[in-house]
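Just so it is clear: chains get the letters A, B, ... in the order the sequence lines come, proteins before strands, and each one is counted from 1.
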Amino acid sequence: MTKLSTLKGVCDVLPPEIYTWNRIEETSKEVFSSFGFNEIKIPVIEHSELFIRSIGETTDIVGKEMYTFTDKGDRSITLRPEGTAGMVRCYVENNLHLLPSPQKFYYYGPMFRYERPQKGRLRQFYQIGVEALGSASPLVDAEVITMAHTLFQRLDLTNLTIELNSIGCNKCRGNYRDAIVGFFSKKGVLCNDCQVRIAKNPLRMLDCKVERCVEQRAGAPVILDYICDDCKTHHESLKELLTAINIDYKENPYIVRGLDYYNRTAFEITTEHLGAQKAVAAGGRYDNLVSDFNGPATAAVGFAIGMERLVSLVGETKNQSSPVFYLAPLGSAAENKAFVLSQSLRQKAIVTELGDGGQTLKSHLKKADKLNASFVVIIGENELKTSRALCKRLSDAFQKEIGIDDIDALIAFTAEKPGVSA
RNA sequence: GUGAGUAUAGUUCAACGGUUAGAGCACUGGACUGUGGCUCCAGGGGUUGGGGGUUCGAAUCCCCUUACUCACCCCA
């Protein structure tokens, strides 16, 4: 039998790292609630068609990264590579547009993309996703960006940069596309990737890293000069709103979202500490996606946070739940007694660790110390005879006898202060 | 899919082609028979990723393979 291991690009999350995950999840719930967002659960599997139609057939995600299989009913099923498509499907399917707009949701869960793993990039990765559907106002763009900013602040993250761009709308993006294609086709030989990009996704040529291409793009057209007046007004309003609450941002005309459904606002929140995958969160507007799925015309904006990337930026989080009591039974009769006692304590929501009756007292105490317990309750032959348990405070080694069934006295002992005990 | 690097104990790492592959941490036990942390001592642990080759001799050199890591592409 070969040694079992996880699949490539998939990993376990163990303590103590899981405490950081929990802290992020809890903090995000607090922040999102304060912005009026509600949690929602949407499926991990969907009809393949949902992603093909929303994300776009020519994107890498759909073209080569989807986990797609045929189920026993001969349906084509895909493990979601991102959350927005499912959210929009849910919005349309449940007629959520009938509720007051905008409807604001967040969700939390794994996404799947068949990619070559590297730092900050996995095949199964977790996202916190946020979507606001039913408003075209730049105010909602600003709210959503502010919400991400607030969360990162609450997690004590500094040195994050908000990068902002507008990629125009269906009406004006074509102008810019033409301008880019026109600009580069007059230039010399481009790298192999860019020769593909010029046909498929010309905007991507702007952040090519090949030296030859970098030189040639000097003086290339800038998107903000090509977007229509409506898009420009929207973009300017968003910037004013962010400025009004002192949120710093950096205009980055090279931000291009990799999914077809985006328009207007595109943004990324980046760090210098993640290697090549520097985006901790990214998102933008998708004003046409709901109507593309035969829903009513519904403007929307959202973003996703890369959970693993965020975890690696947030410092270690301590386990909050180290035991209050460690019960140390000596022998099997004592073990039975300790088991009963443990249940009484746990019913009062007191974190209690139960030791093995076969262990020596010394090994009990060592273990209690390693578990960072506060008190050890020793139950041996003497204690069983007298029905008095020996309760020891580990911080200063003070100990006293307490009636073996006297839960209240045990709890009272935890409240006594070291050094002033009677 | 492309390129580079790495693979030795549970873990982090040593070991010029030359005894029985070592050390820190972790784990278990003892010093201390029913009293933890600190200290000291001892112990368990390894097919040197796998396969083949060169050599008197390979963890070390060569080839193949697998896995991991980083980067490209792309993306959270």
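- The number of heavy atoms from other shown groups lying within 6.0 Å of NZ (A:K119) does not exceed 12.
- Atom-to-atom, CE of A:M205 to C1' of B:C74 comes out at 16 Å; the value is rounded to the nearest Å.
- Residue A:E381 is classed as a base contact, given a heavy-atom separation below 4.0 Å to a base.
- Taking atom C1' in both B:G30 and B:U20, the straight-line distance is 27 Å, to the nearest Å.
- Within 4.0 Å (heavy atoms only), A:L390 reaches at least one base atom of the nucleic acid.
- Counting heavy atoms of neighbouring residues, nucleotides and ligands inside a 6.0 Å radius, atom CZ of A:F69 exceeds 12 of them.
- The side chain of A:R113 sits closest to B:A76 out of B:A71, B:C27, B:A76.
- A 6.0 Å sphere centred on CD1 of A:I77 holds more than 12 heavy atoms belonging to other residues, nucleotides or ligands.
- Here the separation of B:C38 from B:A26, taken at their P atoms, is 8 Å to the nearest Å.
- Across all strands shown, A:E383 has heavy atoms under 4.0 Å from base atoms, whether or not it also approaches the sugar-phosphate.
- Distances were taken from every side-chain heavy atom of A:K362 (C-beta onward) to each of B:G37, B:C74, B:C32; the shortest belongs to B:C32.
- If you check B:A76, B:C27, B:G34 against the side chain of A:A279, the one that comes closest is B:A76.
- Between B:U54 and B:C73, the two C1' atoms lie 40 Å apart (nearest whole Å).
- Checking B:U35, B:U28, B:A71 against the side-chain heavy atoms of A:Q277 singles out B:A71 as nearest.
- Nucleotides B:A9 and B:G49 place their C1' atoms 14 Å apart, quoted to the nearest Å.
- Taking atom P on both nucleotides, B:G53 is separated from B:A7 by 23 Å, rounded to a whole Å.
- Out of B:C70, B:G34, B:A31, the shortest distance to the side chain of A:K119 is found at B:C70.
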So what is the 5' to 3' dot-bracket string for RNA chain B, if pairs are Watson-Crick or G-U wobble with both distances under 3.5 Å, crossing pairs use [ ] and | means the partner sits on another strand?
(((((((..((((....[...)))).(((((.......))))).....(((((..]....))))))))))))....
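- With B:G29, B:G36, B:A76 as the choices, the nucleotide that has an atom nearest any side-chain atom of A:A397 turns out to be B:G36.
- Within 4.0 Å of A:G120, counting heavy atoms only, lies at least one base atom of the nucleic acid.
- A:I378 comes within contact range of at least one nucleobase, with a heavy-atom separation under 4.0 Å.
- Minimum atom distance to the side chain of A:R116 is reached by B:U2, of the listed B:U2, B:A76, B:C74.
- Relative to the six-membered ring of A:Y67, A:R113 misses at least one condition, a distance below 6.0 Å or an angle of at most 45° to the axis.
- The phosphate of B:U35 (OP1 or OP2) has no side-chain N or O of A:Q399 nearer than 4.0 angstrom.
- Distance check on atom P: B:G18 versus B:A71 gives 36 Å, rounded to whole Å.
- As rounded to whole Å, 16 Å separates atom C1' of B:A26 from atom NZ of A:K367.
- The side chain of A:R309 lies closest to B:A76, out of B:A76, B:C72, B:G36.
- Nearest to the side chain of A:R121, among B:C68, B:C32, B:C72, sits B:C72.
- For A:F32 and A:Y106, the ring centers sit closer than 6.0 Å to each other.
- Backbone-only contact: A:R197 has heavy atoms under 4.0 Å from sugar-phosphate atoms and none from a base.
- The side chain of A:D369 sits closest to B:G36 out of B:G36, B:C72, B:A76.
- The base of B:U35 is paired with the side chain of A:K392 by a donor and an acceptor separated by under 3.5 Å.
- Under a cut-off of 6.0 angstrom, the local environment of CD in A:E49 is sparse, with at most 12 non-hydrogen atoms contributed by other residues, nucleotides or ligands.
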